[in-house]
Amino acid sequence: MDGNGRWAKKRGLPRIEGHRRGVETVRRTIETARDFGIEYLTLYAFSVENWRRPEEEVGGLMNLLEYFLKRETSTLIKNKVRLRTIGRTEDLPPKVRRELERTIAATADFTEHTLVLALNYGSRTEVLDAAKSYAAAIAKGDVDPEDTSWQSFAQHLYTADLPDPDLVIRTSGETRVSNFLLLQAAYAEFVFLPLFWPEFDRAAFTQAIEDFNCRERRFGRTGDQLTAESTDTKVATSHG
Ligand code: IPE
Ligand code: MG
């Protein structure tokens with residue numbers, strides 16, 4: 001989710017106003033993802049690098065997060081959406097942690113749709129945390145150092161129980177990954193949109209999915225092999 005600040009600046013508004021509008025886009029995006037039958041939606045809401053922003057903006061983002069959780073929990077419950085987080089959430093302000101814990105507990109039993117908020121998230125931090133945890137498992141004798149594998153290492157990532165993303169969308173016209181799910185997105189398709197996050201709507205989401213649906217995902221194999229085996233991950237964008 002990128003471009004809140006520039007969206008506001010273009011209109012002569014304070015950056016926080018862009019973030020406010022960004023929250024509305026979040027609500028809309030969760031709804032659209034649910035309508036499309038997308039099982040996992042991950043939103044990169046706050047990175048480990050975002051602490052470097054002015055204190056006022058960081059505080060504003062934390063307030064918005066608290067506000068979002070307070071206001072949206074009932075909608076998540078109504079729509080049977082489970083909330084999860086990835087990132088070092090232990091370093092978030094206590095009031096935010098409290099709301100997160102509350103919403104996570106209230107939605108824990110839903111299985112159909114999962115909303116993952118990446119909060120105080122960074123891939124490199126995640127890899128460090130995972131390496132530490134993997135090393136501890138090896139030291140404890142739970143993992144044989146001669147028998148390491150990506151599968152067993154991935155069990156130590158924040159995303160241990162989450163599937164890899166099929167599609168990564170970045171708004172705002174930037175064409176960078178910015179420390180987001182670097183390992184998990186090894187085989188993801190990327191869509192970069194020239195829209196600011198507050199402008200990302202159902203039509204843009206639909207377009208991104210249709211673009212994704214047109215791509216041949218070979219996962220290292222040849223096109224001919226794919227015809228023989230089905231690895232289809234296409235998403236229907238129209239119903240009825
Ligand atoms: C939203 O957009 C990103 C966050 C949720 C922190 P930005 O705040 O990065 O907006 P730009 O890039 O300055 O326009
Ligand atoms: Mg930005």
Side-chain angles (χ1 to χ4, degrees), residues 1-33 38 40-73 75-76 81 83-93 95-97 99-100 103-104 114-126 158-159 165 167-182 184-185 188 190-202 204-205 208:
M1 305 186 283
D2 195 19
N4 291 350
R6 278 164 286 168
W7 180 91
K9 197 173 174 194
K10 212 172 83 181
R11 285 164 181 75
L13 298 168
R15 290 180 58 84
I16 194 69
E17 204 46 52
H19 294 313
R20 268 195 209 108
R21 285 297 292 256
V23 173
E24 295 314 311
T25 307
V26 166
R27 302 184 56 193
R28 198 164 62 207
T29 305
I30 297 169
E31 223 175 84
T32 309
I38 290 169
Y40 293 86
L41 173 71
T42 302
L43 299 172
Y44 198 7
F46 195 85
S47 74
V48 291
E49 287 84 11
N50 284 146
W51 296 108
R52 294 154 74 182
R53 294 190 176 197
E55 209 179 301
E56 193 192 331
E57 182 165 341
V58 171
L61 284 167
M62 292 304 151
N63 287 341
L64 274 175
L65 182 56
E66 184 193 2
Y67 160 82
F68 168 81
L69 292 165
K70 279 191 169 141
R71 203 182 67 165
E72 290 306 306
T73 300
T75 313
L76 294 176
V81 179
L83 179 73
R84 274 281 319 264
T85 59
I86 51 172
R88 287 185 178 169
T89 49
E90 62 274 21
D91 298 333
L92 295 171
K95 60 174 188 182
V96 172
R97 280 192 343 245
E99 290 309 320
L100 278 172
T103 309
I104 289 169
T114 302
L115 168 67
V116 184
L117 291 180
L119 292 168
N120 195 18
Y121 176 83
S123 271
R124 289 178 174 179
T125 323
E126 179 182 30
Y158 305 147
T159 52
L167 169 63
V168 177
I169 301 173
R170 183 178 185 149
T171 56
S172 92
E174 307 292 358
T175 47
R176 309 186 267 277
V177 185
S178 300
N179 208 8
F180 181 63
L181 297 180
L182 295 179
Q184 295 87 342
F190 285 81
V191 168
F192 296 99
L193 297 175
L195 298 168
F196 294 135
W197 175 249
E199 298 166 333
F200 180 73
D201 57 7
R202 195 184 179 95
F205 202 169

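A quick note: this is a predicted structure, and the numbers were derived from the prediction, not measured. Read the numbers this way: they start at 1 and go in the same order the structure lists the ligands and their atoms.
Ranking protein heavy atoms by distance to atom 4 (C) of ligand 1, first place goes to A45 O, 3.9 Å. What sits closest to atom 3 (C) of ligand 1 on the protein, heavy atoms only, is M1 O, 3.2 Å. G5 N, 2.9 Å is the protein heavy atom nearest to atom 10 (O) of ligand 1. Protein heavy atom nearest atom 8 (O) of ligand 1, with residue, atom name and distance: R53 NH1, 2.7 Å.
Those atoms of ligand 1 that come under 4.0 Å of a heavy atom in D2, given as number and element, are 2 (O), 7 (P), 9 (O), 10 (O), 11 (P), 12 (O). Atom numbering of ligand 1 starts at 1 in the shown order; those under 4.0 Å from a heavy atom of N50 are 6 (C). Distances below 4.0 Å separate heavy atoms of R15 from the following atoms of ligand 1: 7 (P), 8 (O), 10 (O), 13 (O). In the vicinity of R6, heavy-atom distances shorter than 4.0 Å reach the ligand 1 atoms 11 (P), 12 (O), 14 (O). Proximity to G3 (heavy-atom distance under 4.0 Å) selects the following atoms of ligand 1: 2 (O), 7 (P), 10 (O), 11 (P), 12 (O), 14 (O). Which parts of ligand 1 touch N4 is read off a 4.0 Å heavy-atom cut-off, strictly below it: atoms 1 (C), 2 (O), 7 (P), 10 (O), 14 (O).
Here the CZ-CZ distance, from R176 to F192, works out to 10.0 Å after rounding to the nearest 0.5 Å. Note: I30 CD1 to L115 CG = 4.5 Å, rounded to the nearest 0.5 Å.
Neither the backbone nor the side chain of E174 comes within contact range of ligand 1; no heavy atom lies under 4.0 Å.
Atom CD of E56 has 12 or fewer neighbouring heavy atoms from other residues, nucleotides or ligands inside a 6.0 Å radius.
A donor-acceptor pair under 3.5 Å links the side-chain atoms of Y44 to the main chain of S178, judged by distance alone. A donor-acceptor pair is defined here as one N or O able to donate and one able to accept, closer than 3.5 Å; such a pair exists between the side chain of R11 and the backbone of W7. Checking side-chain atoms of R53 against main-chain N and O of V58 turns up no donor-acceptor pair under 3.5 Å.
Residue D2 counts as close to the Mg ion (ligand 2), with an N, O or S atom under 2.8 Å.
A donor-acceptor contact under 3.5 angstrom links the side chains of R6 and S172, judged on distance only.
Residues E24 and R20 are not paired through a salt bridge, judged by the lack of any N-O separation under 4.0 Å between the basic side chain and the carboxylate.
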